[in-house]
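Below is one structure; the comments refer to it alone.
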Amino acid sequence: MKYKILFCIALPAELKIIKSEIKKLNISWLDIKFLLTWVWNYNVIYTIKDHISKNWKPDFIVNLWVCWHT
């Protein structure tokens, strides 16, 4: 059984870093998807809800951010 994980990331630069780091882990037993949400606000809550209800129902949702990474 593959666990489905949805990573919610605010900015494209953060998405690039997080995808790169997760790819290094080589965790093929997980079904991972990414959702670019932009800046965290109330609209993001509805974006995530719509994504889940229309597209894909994950087992876990992970909200990640990378602060001041260059």
Approximate separation, where rounding is to 0.5 Å, of [X] [atom1] and [Y] [atom2]:
{"X": "Leu36", "Y": "Leu15", "atom1": "CG", "atom2": "CG", "answer": "6.0 Å"}
{"X": "Cys8", "Y": "Ile18", "atom1": "SG", "atom2": "CD1", "answer": "10.5 Å"}
{"X": "Ile52", "Y": "Ile61", "atom1": "CD1", "atom2": "CD1", "answer": "3.5 Å"}
{"X": "Ile22", "Y": "Ile5", "atom1": "CD1", "atom2": "CD1", "answer": "8.0 Å"}
{"X": "Trp56", "Y": "Asp31", "atom1": "CH2", "atom2": "CG", "answer": "4.5 Å"}
{"X": "Asn63", "Y": "Ile48", "atom1": "CG", "atom2": "CD1", "answer": "6.5 Å"}

Exercise. List for me each residue that meets side-chain hydrogen bond (donor to acceptor under 3.5 Å, both in side chains) alongside Asn55, sequence neighbours excluded, and say none if there are none.
Key: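 For Asn55, the residues satisfying side-chain hydrogen bond (donor to acceptor under 3.5 Å, both in side chains) (neighbours in sequence not counted) are His51.
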Self-check item: All salt bridge (Lys or Arg N to Asp or Glu O under 4.0 Å) counterparts of Lys24, not counting sequence neighbours
Solution: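 Salt bridge (Lys or Arg N to Asp or Glu O under 4.0 Å) check on Lys24 returns Glu21.
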Quiz item: Above 12 or not: heavy atoms from other molecules or residues under 6.0 Å from NZ of Lys2?
Solution: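 Check passes, neighbour count above 12.
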Practice problem: Search all heavy atoms of Ile9 against all heavy atoms of Glu14 and return the closest pair with its distance. | Solution: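 Residues Ile9 and Glu14, closest heavy atoms: CG2-CB, 3.5 Å.
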Quiz item: Between Leu6 and Phe60, is a side chain to side chain contact (heavy atoms under 4.5 Å, CB included) present by the stated rule, with each step listed?
Solution: CA-CA 6 Å; Leu6 177 64; Phe60 301 98; over 6 Å; no
Self-check item: Phe7-Leu25 co-clustered via ILVMFWY side chain contacts under 4.5 Å
Solution: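 Linked, Phe7 and Leu25 end up in one cluster.
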